[in-house]
There are 2 protein chains.
Amino acid sequence: MIEPNGHFCSDCAVRGTAVCASLDPAELREFEHLGRRVHFSTGETVFSEEDITTSFFNLLEGVMRLYKLLPDGRRQIVGFALPGDFLGMNMSGRHNFSADAIGAVTACQFAKVPFGRFIEDRPHLLQRINELAIRELSQARDHMVLLGRRSADEKVATFLLGWRERLVSVKGSSNIVPLPMSRQDIADYLGLTIETVSRTFTKLERHGAIEIVHGGICLRDPARVEALAAA
Amino acid sequence: MIEPNGHFCSDCAVRGTAVCASLDPAELREFEHLGRRVHFSTGETVFSEEDITTSFFNLLEGVMRLYKLLPDGRRQIVGFALPGDFLGMNMSGRHNFSADAIGAVTACQFAKVPFGRFIEDRPHLLQRINELAIRELSQARDHMVLLGRRSADEKVATFLLGWRERLVSVKGSSNIVPLPMSRQDIADYLGLTIETVSRTFTKLERHGAIEIVHGGICLRDPARVEALAAA
DNA sequence: AAACCCGATTGACCCAGGTCAAATTTGACG
DNA sequence: CGTCAAATTTGACCTGGGTCAATCGGGTTT
C-alpha cells in the first residue's frame, strides 16, 4: 500500500488545484518530503469516522465516497472526493466521516504532526486550507437543500449536472458523464433508495433526456435535465 | 440600526467562545476599533444569499436563522446561529445563504477589508476561524444524515436534543428547551412540513416524552427522546 | 457454453408524510 | 374586553417514494 517516494510535487497532476497550489517552488521541495504516495484498491477504506485523525490525504487519482453510518446501518454519503480534494481537514480530534476508495485510488498522505508544523509558519497554506473548507461548507449547504427540499427527479437531475460539472476540472467537459459509483452510492448520496434512482434514470431515458451507457450516462438533452434540476 | 461603539471587547459576553477567543489583551484593544455593534429586530434580514460579502458578523445576543431558497420559494434552513457564532466566513465572493433575526439580535459587525488586513499578520486568528469552519462542516454533515436518512420522529427528537445541547453554552443545562423559532422554521430546518412537526410534537406529548409549554418544550422523559433520536 | 454471481431493473403494493381544509389558540391593538 | 390576523393544531385524504419480490443482464469461473 505504501511505496517509496519516487515522485516530484512539481510534476503532480493536481499541482494547480490542490492545497499545494499555495506553495512556491522552494516550499514545494520541502513539502515533497512530508508526503508519501499511497494506493488503495476498490472498496478499501482509507479512514473511518471514529478514527482519531493522524493523517491528511491529498487525492491524486480516482474517486472516493465519504459517508456516515447510523447505528442501524443506514448510510448517508456526504460527498464524493475527486483528484485535488484534501481530506481529513480536522486539525485535531477525529475524522467525522469515513472514506472508501471507489475503484483504484492514489493519494498523497501526510502525517498530522509534521504537516501541522509545516503549516505553522506558512499562513498562506493555512489560508488555502481555509478556502477549501469554506468551499466545502458551501457545497454542504447546497446539498442540504437538495436533501431536505427536492423531489426524487430534481435530486437525480441535480446530481447528474453537478457531477458533470465537477468532472470538468479532471476530464474536461463532455456530455458523456462517467458514473464510477454504484446505484446504491448514488441513492445514499441523494437520500433515496436504489430502486428510485434506477426508476428515475429509466424515466429520464424514456423521455429522451439521457441515455444510460456502460459505466455512466450520456446527456442527450442537457436543457431538459437542467429544467428538471432548476424547478 | 448602528450605534456608536460604547463598549469593550474585554467585557463581551462571547469573549471566551467567539473568534476573539484567540486574541490576547493587546490585540483585543486594537480589534475593538474594527467592529461596530449593530441591532436587528424580529424578522429583519441581516444579509442575503446573493449579496457580495462586505461584512462579517459576530453574533452577541439573540438567534438567527440561516437559510437558502429555491427559485419557487421552497426554503431550507441550513442552521440556527447563537451568540458566539461567526457569520459570513466567505473571505471573498458572496454569502451563500441568507440570515434573518429571530427576535431581537445584537451583533458585532466587521467590514471585510480592515478585518482581512487584521487577520493577515495574525495566523492564530485565521486558525481560530478555520477551527470554526471545520466545526460547522462537521455539523453540516451530521445534518445531511438527518435530512437524508432519518424519519420524521427521529428528526424532531434529534433536533430537540441538539438544540438543548447548543443552548447549554448560552443558558446552561435545563430540561426546559426554549424554541424561539416558529414551527415553520423547524419544519424548514428538518425537511418536513409544519403539519408534520406539529403532529410529532403532539405525539411526543401524548406519550409523555415532552410537554409543550409556552415558547418551547419541556423534556419530561429525556431517555425516551434520546432513544427516538438514536434509532 | 453452462452455471453462477451480483448489480441493476422492473413490477405490485403500501405507508409515512405531504396536501388541503377546517378549527382552535395566541397575540397585538383599539 | 372585543376584534382581527397570524400561528398552530387537528382531521381527512392522497401520493411520492419506500418495500418486497422477481427478473434481467454482463462478467467470471469451470
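The figures here come from the full heavy-atom set of this structure, side chains too, leaving out hydrogens, waters and symmetry mates. Protein chains get the first letters and strands the later ones, always in sequence-line order, with residue 1 at the start of each. This is a predicted model, so every value here is computed, not measured.
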(Q) Would you say that more than 12 heavy atoms from the other residues, nucleotides or ligands in this model lie under 6.0 Å from the CD1 of B:Ile176, or not? (A) no
Q | Separation of C:dA22 P from B:Glu195 CD (nearest whole Å) | A | 14 Å
Q) Regarding A:Glu44 and A:Ser41, is there a side-chain donor-to-acceptor distance under 3.5 Å anywhere? A) yes
Q.
Is a donor from one side chain sitting under 3.5 angstrom from an acceptor on the other, for B:Arg220 and B:Asn175?
A. no
Donor-acceptor list for residues 59-66 of chain A side chains, cut-off 3.5 Å, not counting sequence neighbours:
from: A:Arg65; atom 1: NE; to: A:Asp100; atom 2: OD2; distance (Å): 3.1
from: A:Arg65; atom 1: NH1; to: A:Asp185; atom 2: OD1; distance (Å): 3.4
from: A:Arg65; atom 1: NH1; to: A:Asp185; atom 2: OD2; distance (Å): 2.8
from: A:Arg65; atom 1: NH2; to: A:Asp100; atom 2: OD2; distance (Å): 3.3

Q. Per the end-axis method with five pairs at each terminus, what is the bend angle of the helix from C:dA1-D:dT30 to C:dG30-D:dC1, to 10°?
A. 40°
Q: Determine: side-chain N/O of A:Thr202 to OP1/OP2 of C:dT10, distance under 4.0 Å, yes or no.
A: yes
Q. Does any N or O in the side chain of B:His143 come within less than 3.5 Å of the main-chain N or O of B:Leu190, such that one atom is a donor and the other an acceptor?
A. no
Q. Looking at A:Glu136 and B:Arg141, does any basic side-chain N land under 4.0 Å from a carboxylate oxygen?
A. yes
(Q) For a quick check, tell me whether the side chain of A:Arg199 and the base of C:dG11 share a donor-acceptor pair closer than 3.5 Å. (A) yes
Q) Between atom CG in B:Asp185 and atom C1' in D:dA6, what is the gap in whole Å? A) 14 Å
Q.
Rounding to an integer number of Å, can you tell me how far A:Arg149 CZ sits from D:dG16 P?
A. 17 Å
